[in-house]
Amino acid sequence: MKKIINDPDEVVSEALAGMAQAHPDLITVRTKPDYVVRADAPVEGKVALVSGGGSGHEPLHGGFVGRGMLSAAAPGAVFTSPTPDQVLAATQAVDGGAGVLHIVKNYTGDVLNFETAAELAAAEDIEVRSVIVDDDVAVKDSTFTAGRRGVAGTVLVEKIAGAAAERGDSLDEVTAVAEKVVRQVRSMGVALTPCTVPHSGEPSFELGDDEIELGIGIHGEPGREKVKLQPADAIVETLLTAIVDDLPYAEGDQVLLFVNGMGGTPVIELYLAYNSARKFLSDKGIEVSRSLVGNYITSLEMQGMSITLLRLDEQLTELWDAPVSTIALRRDA
Amino acid sequence: MKKIINDPDEVVSEALAGMAQAHPDLITVRTKPDYVVRADAPVEGKVALVSGGGSGHEPLHGGFVGRGMLSAAAPGAVFTSPTPDQVLAATQAVDGGAGVLHIVKNYTGDVLNFETAAELAAAEDIEVRSVIVDDDVAVKDSTFTAGRRGVAGTVLVEKIAGAAAERGDSLDEVTAVAEKVVRQVRSMGVALTPCTVPHSGEPSFELGDDEIELGIGIHGEPGREKVKLQPADAIVETLLTAIVDDLPYAEGDQVLLFVNGMGGTPVIELYLAYNSARKFLSDKGIEVSRSLVGNYITSLEMQGMSITLLRLDEQLTELWDAPVSTIALRRDA
Amino acid sequence: MASCDAAATAAAVRQMAETIEQHHTELTHLDREIGDGDHGANLVRGFRAVVEKLDADEPGTPGAVLKLVATTLISTVGGASGPLFGTAFLRAATKVGDAETLDAAMVSDALSAAAEGVVARGKAAVGDKTMIDAFEPAVQAAQSAAEEGSVADVLEAAAAAAEQAASETAPLEARKGRASYLGERSVGHVDPGAQSTAYLLRSLATSASSAG
Amino acid sequence: MASCDAAATAAAVRQMAETIEQHHTELTHLDREIGDGDHGANLVRGFRAVVEKLDADEPGTPGAVLKLVATTLISTVGGASGPLFGTAFLRAATKVGDAETLDAAMVSDALSAAAEGVVARGKAAVGDKTMIDAFEPAVQAAQSAAEEGSVADVLEAAAAAAEQAASETAPLEARKGRASYLGERSVGHVDPGAQSTAYLLRSLATSASSAG
Ligand SMILES: Nc1ncnc2c1ncn2[C@@H]1O[C@H](COP(=O)(O)OP(=O)(O)O)[C@@H](O)[C@H]1O
Ligand SMILES: Nc1ncnc2c1ncn2[C@@H]1O[C@H](COP(=O)(O)OP(=O)(O)O)[C@@H](O)[C@H]1O
Ligand SMILES: [Mg+2]
Ligand SMILES: [Mg+2]
Ligand SMILES: [Mg+2]
Ligand SMILES: [Mg+2]
């Protein structure tokens, strides 16, 4: 394992200390319990958004804290959901009296820890709602299982719900728009290489020199199946076919196309894949009216990518276009 | 070699096509010869900035085309300088009558190709100046050699000179401030893994499982020396010591600290290294007043980083803080 | 050991921490096969924090010891296993209340309450390939043993049943937790949480029998 | 071949393109050792474009053929070798002017002009471990051969000298181009540009001798 770290136990805390010093204008980092909060929190009278999850997915979530997106983020250990006291402290710190929305990726650990935090917050008279993101079509959904994972669609939920909160929507309204995004967003990923959690020191799975792993999650979990390395067009077709089959699109539908790098993929390959996805969608008559390309929700140094489609309407487009000012996503007013 | 590509010959053109479709608000991509240009070019009456170089360093340079930074970028084949006709066409496309500054990284190929383009542009009565960036302290400078390489400092030159051009400074003034940045900026890099050029299919150099390469360039060139893997603090100390020895800082000097990922390094490690750099500099009494952390000038999927210090004064700070609106760097007005 | 006081409970908890230190690499390894490779690290982090708190101030009743374990695990482990084991200890603590010592029946009841808590939070059933697959047979075995036996007998029965059951999770296809994402590919690997449950129960048994 | 017309020049250029196709992997490999691993790919890209243009419309004089090669290399190769080889062909083209055929002396003079062009652009001297290390000895040998010999003799002498000199770049420490960044670590590897120069001259010689 080769990493630019000192002690595996201190990776998250040292990185948080770095983030805090690099971006004092945008965020504040509080410790014990650890969380990242908007520099201007709490914003009186506005709904606050709290998300969080394991570390190792940077810039998610701390990189999306700021005006127009998250109010706070609770980072767990690498690939491990945060604890309830982190989420509770973050929730208390951002509550501006209009309620708090928890944005939770659908993993047992995240769900349970946020659930506990929400109960504790309710006990302190903070109104908390939760939305569970489960956009990963690689996982078969069923009420008998843990259900689908929450992956890259989370970024879109955070951005759009964040814009609704920023303009002063009520907790009900912000929750409703977040739920709408969850209903309309689908993702699927592929890994070319595994990643290595600092503590474990060993790669998360094995892949031959000519193999790729389809349907990976964001925690270095192995995916649906190993297949031979394929040209970009074929990989993109596999991912997008699964996505479009799951939430069928009609010709003329407008979508946001999000090509996300898993951390170790060069940006040049992401744009190449994006170009390939545009060809696929245009053949299907699906119109891409908004785009996002880059490393936004990663799995440490994993090479690979995920593709996300969000069906847009006027409301979602407007909220997507709204100004945002975070470390990883900025758009002018 | 595992990459998300179709045909090695088409990597650059397919990625450019992707960029163009993903960011029509910011850039336009022209082909044959290929270059990326501000969507609103030419801007009448303002100095234009053209840079370029081999592809594979994304977001450099195309990701820095836009208001307040580059007017155009000429992308060569992967790790290969662009040809003079690309640079010439870009120069013609952006000339707004106030002259064009070429920002060139100091590699023989880049220098020669930009030189030819500048001559051709001059023959068409476009006033062209050139500034050569050579910030890499890993390479011993000498008039008998090719001199130092241009590496991550290039991003800072482009941003600061771009701000000067945007506010309407003359060609002389923009050139002078670019040269000032070049004088005051120093960088050095380290690789944990090599990278693989699509055409070659083989890693750029070999590194043992416990080795790192100090003083690498941005083209997968091997560096100054191979050493054993070290804790982040030790790596940062090696890089910063070389930098600070080269351009000595006095206690109380203000600097911009730029920790740049080589493409395959997780952001969490970059912030960790940034934190470590802050400790080192604070012990030396050097004050970090501006920061940049992220993957801005990369070597495909290489894991590693570079550290850059720019000595700031009021003028440079003001230009650094000026608004910018590009794919990879945005700051509100 | 006929009954178990606060000191014995604390000693048993330290024994659990010890066991986790010994086996965390193996647990992480199991979790890498079908999860995300952090189960060992998660439990080490939690139990180290527990031991620190016990060292600082050891509570005066078995229930208080269990509650300390619960809140510490909840606030330090994260992941799925943090709230699940945390809930288990919390329910056990609530069950034993203020009792100064625990007898065999109370220990068995505490184990039942713990398992119920895990089911209530995680909604897993036996056969879903989770810690419940080890927990439930352990509770059954403990209840039978409690009819006649000592605290040590109860815990020995629970541990043995859990060990057996944990190994039997290998052929199952996971339906809960991260391993469920793998579907059929989860077959052939022991569930890390079932294995850690077996280790934890074994340390309780060891501690109880050595306490005589 | 006593003298060389446009067709023969074009044939020689096609021979160069052929040779580059055969050796580009090796050239790239050399460039990976002490450069950035693209020299072969750069030249392949350039010479393929050259052949395409020749196929489309073959110029009528040797000088025009050389000029086509020059401008095509300049506009397709990039890197250091693009402008350097481009300049070499441009200077050679200028030197031979509108001549319908080239004799031995003209070929030798064209080679001299080419080498001077590379030095003017790249500012490398013999011993800096660049293509100049192959070019200069080739020019010397060509000049001697031109006093008595045919075009084929001149090119054979140039090729042989360049081959020998290219192999002798291995022990040198690079002072120009990317390899210079390696300092001492550039020792022990043949310079890719010197090697490609030798290949290009060898293809000229082959083409001239087979043309009789
Ligand atoms: N819904 C559930 N009910 C009971 N146990 C569960 C459930 N989900 C997961 N587990 C247990 O948690 C274990 C994984 O714990 P851990 O690796 O620490 O957390 P995470 O899965 O969040 O990384 C699994 O092996 C399984 O035994
Ligand atoms: N200043 C120079 N003068 C002459 N030849 C040079 C000079 N710099 C580089 N070269 C030649 O160019 C070759 C490298 O070409 P190439 O790999 O195509 O370009 P790049 O170095 O830009 O990747 C070197 O092997 C060397 O022979
Ligand atoms: Mg986990
Ligand atoms: Mg090159
Ligand atoms: Mg786990
Ligand atoms: Mg090269």
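Side-chain atoms are counted along with the backbone in the values below, which use heavy atoms only and exclude waters and symmetry mates. Every chain is numbered from 1, with letters handed out A, B, ... down the list of sequences. Please read all numbers here as calculations on a predicted model, not as lab measurements.
When heavy atoms are compared at a cutoff of 4.5 Å, A:Pro84 approaches chain C by way of both its backbone and its side chain. Contact annotation for A:Pro33: neither backbone nor side-chain heavy atoms come within less than 4.5 Å of a heavy atom of chain C. Within the 4.5 angstrom heavy-atom criterion, no atom of C:Val44 approaches chain A. For A:Asn106, the part lying near chain C is the backbone, with the side chain staying farther off; criterion is any non-hydrogen pair under 4.5 Å. In this structure, chain C has heavy atoms under 4.5 Å from both the backbone and the side chain of A:Asn113. For a residue to count as touching a neighbouring chain, one of its non-hydrogen atoms must lie under 4.5 Å from one of that chain's; by this rule A:His199 touches chain C with the side chain only.
Heavy-atom pairs under 4.5 Å with chain C peak, among A:Glu225, A:His219, A:Arg224, at A:His219. For chain A, the option among C:Gly37, C:Gly40, C:Ser75 with the highest count of heavy-atom pairs below 4.5 Å is C:Ser75. Highest contact tally toward chain A, considering only C:Glu184, C:His29, C:Arg185, C:His24, is held by C:Arg185 [criterion: heavy-atom pairs under 4.5 Å]. Listed options C:Gly122, C:Gly177, C:Ala179, C:Gly183 were ranked by heavy-atom pairs under 4.5 angstrom with chain A; first place goes to C:Gly177. The most heavy-atom pairs under 4.5 Å with chain C, out of A:Gly109, A:Ala77, A:Gly54, come from A:Gly109.
Residues of residues 81-100 of chain C lying under 4.5 angstrom from chain A, judged on non-hydrogen atoms, are C:Pro83, C:Leu84 by number.
Applying the 6.0 Å contact sphere to CD of A:Glu206 captures no more than 12 heavy atoms from other residues, nucleotides or ligands. Around NZ of C:Lys67, the count of heavy atoms belonging to other residues, nucleotides or ligands within 6.0 Å does not exceed 12.
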Step-by-step side-chain contact (heavy atoms from CB on, under 4.5 Å) determination, C:Thr28 to A:Glu202:
CA-CA 10 Å; C:Thr28 289; A:Glu202 280 175 60; over 6 Å; no

Any chance you could lay out the salt bridge (charged side-chain N to carboxylate O under 4.0 Å, His left out) test for C:Arg121 and A:Glu119, step after step, and finish with the verdict?
CA-CA 13 Å; C:Arg121 296 298 317 257; A:Glu119 282 171 33; 5.1 Å; no

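Atom CG of C:Leu73 is separated from atom OG1 of A:Thr83 by 11.5 Å, given to the nearest 0.5 angstrom. The OG atom of A:Ser204 sits 11.5 Å away from the CG atom of C:Asp38 when rounded to the nearest 0.5 Å. Atom CZ in A:Phe205 sits 10.5 Å away from atom CG in C:Leu182 (nearest 0.5 Å).
Listed here is the closest heavy atom pair of C:Arg178 and A:Phe79: NH2-O, 3.8 Å.
Counting only heavy atoms from C-beta outward, the side chains of C:Arg45 and A:Thr80 approach each other to under 4.5 Å.
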